[in-house]
Chemist: 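What follows is a structure written as structure tokens; I'll ask about it next.
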Amino acid sequence: MHPRIYVVDVPIHNTTDPARRGLHVFTGVADSPAAALRRAHEVYEAALAAHTAGREIPDKQPDSWGARGLRPGWHMDWAAAKAGLWHNPVSWTSLSDFAL
């Protein structure tokens with residue numbers, strides 16, 4: 001299987017106000033959903049380690065994965081994370097149900 005762009009949605013909640021919930025979204029190149037989940041988790045851990053050490057959060061990696069939108073104080077529920085192929089919502093090559 002050749003690499004394609006994947007999206008990884010990770011449910012999050014605020015650690016001081018668990019009613020505040022959302023998704024942290026990662027995108028990047030991978031060859032499977034499992035590889036995408038692994039890469040998203042790796043770049044998140046690298047960003048968290050840099051932030052904790054007082055360093056700048058790393059830019060995107062050569063495979064396009066990154067975690068610049070780190071949200072300290074939010075818990076990432078990696079067990080509930082989902083990965084799938086990314087579909088560009090504004091792509092002119094997408095099928096649509098309206099005529100131009």
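FYI, side chains are in, hydrogens and waters are out, and symmetry mates aren't considered; it's all heavy atoms of this structure. Keep in mind it's a predicted model, so treat the numbers as computed, not measured.
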Chemist: Linking I/L/V/M/F/W/Y whenever their side-chain heavy atoms sit closer than 4.5 Å, directly or via other members, would V10 and V7 fall into one cluster?
Modeler: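 Unlinked, V10 and V7 end up in two clusters.
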
Chemist: Could you work out, with side-chain hydrogen bond (donor to acceptor under 3.5 Å, both in side chains) as the rule, every residue matching T52, not counting sequence neighbours?
Modeler: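 In terms of side-chain hydrogen bond (donor to acceptor under 3.5 Å, both in side chains), with neighbours along the sequence ignored, T52 is linked to no residue.
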
Chemist: Sequence neighbours excluded, which residues qualify as ring-ring contact (aromatic ring centres under 6.0 Å, His included) partners of H51?
Modeler: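 Listed in chain order: nothing, the list is empty.
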
Chemist: If the condition is side-chain hydrogen bond (donor to acceptor under 3.5 Å, both in side chains), which residues does N14 pass it with, not counting sequence neighbours?
Modeler: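 T16.
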
Chemist: Run the side chain to side chain contact (heavy atoms under 4.5 Å, CB included) test against V29 and tell me which residues pass, sequence neighbours left out.
Modeler: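 P3, I5, S64.
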
Chemist: Who pairs with W78 by ring-ring contact (aromatic ring centres under 6.0 Å, His included), at least two apart in sequence or on another chain?
Modeler: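 W78: ring-ring contact (aromatic ring centres under 6.0 Å, His included) contacts with F26, H41, Y44.
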
Chemist: Can you name the residues that form a side chain to side chain contact (heavy atoms under 4.5 Å, CB included) with D59, not counting sequence neighbours?
Modeler: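 D59 satisfies side chain to side chain contact (heavy atoms under 4.5 Å, CB included) with R68 only.
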
Chemist: Under the side chain to side chain contact (heavy atoms under 4.5 Å, CB included) rule, collect the residues that match up with A50, sequence neighbours excluded.
Modeler: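 Residues passing side chain to side chain contact (heavy atoms under 4.5 Å, CB included) with A50: R55, P58.
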
Chemist: Using only atom types and a distance under 3.5 Å, with no angle test, would you say the side chain of T15 pairs donor to acceptor with the backbone of H75?
Modeler: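 Not confirmed, T15 side chain does not pair with H75 backbone.
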
Chemist: Grouping I, L, V, M, F, W and Y whenever their side-chain heavy atoms are under 4.5 Å apart, do L70 and V8 come out in a common cluster?
Modeler: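 Per the 4.5 Å side-chain linkage, L70 and V8 are co-clustered.
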
Chemist: Indicate if W74 and V43 have the same hydrophobic cluster label, given that clusters are the connected sets of ILVMFWY residues with side-chain heavy-atom separations under 4.5 angstrom.
Modeler: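 Yes; tracing contacts between hydrophobic side chains, which count when under 4.5 Å, links both residues.
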
Chemist: Give every residue pair that meets the salt bridge (charged side-chain N to carboxylate O under 4.0 Å, His left out) criterion with at least one member in residues 13-25, sequence neighbours excluded.
Modeler: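 Every candidate salt bridge (charged side-chain N to carboxylate O under 4.0 Å, His left out) pair involving residues 13-25 fails, so no pair, neighbours aside, qualifies.
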
Chemist: Applying salt bridge (charged side-chain N to carboxylate O under 4.0 Å, His left out) as the test, list every pair that has at least one member in residues 69-89; sequence neighbours left out.
Modeler: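 Residue pairs with at least one partner in residues 69-89: there are none.
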
Chemist: To the nearest 0.5 Å, what is the distance between OH on Y6 and CG on L85?
Modeler: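 Here the rounded value is 4.5 Å.
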
Chemist: With D63, which residues qualify under side chain to side chain contact (heavy atoms under 4.5 Å, CB included), at least two apart?
Modeler: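 Checked D63 against side chain to side chain contact (heavy atoms under 4.5 Å, CB included); matches are R39, Q61, W65.
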
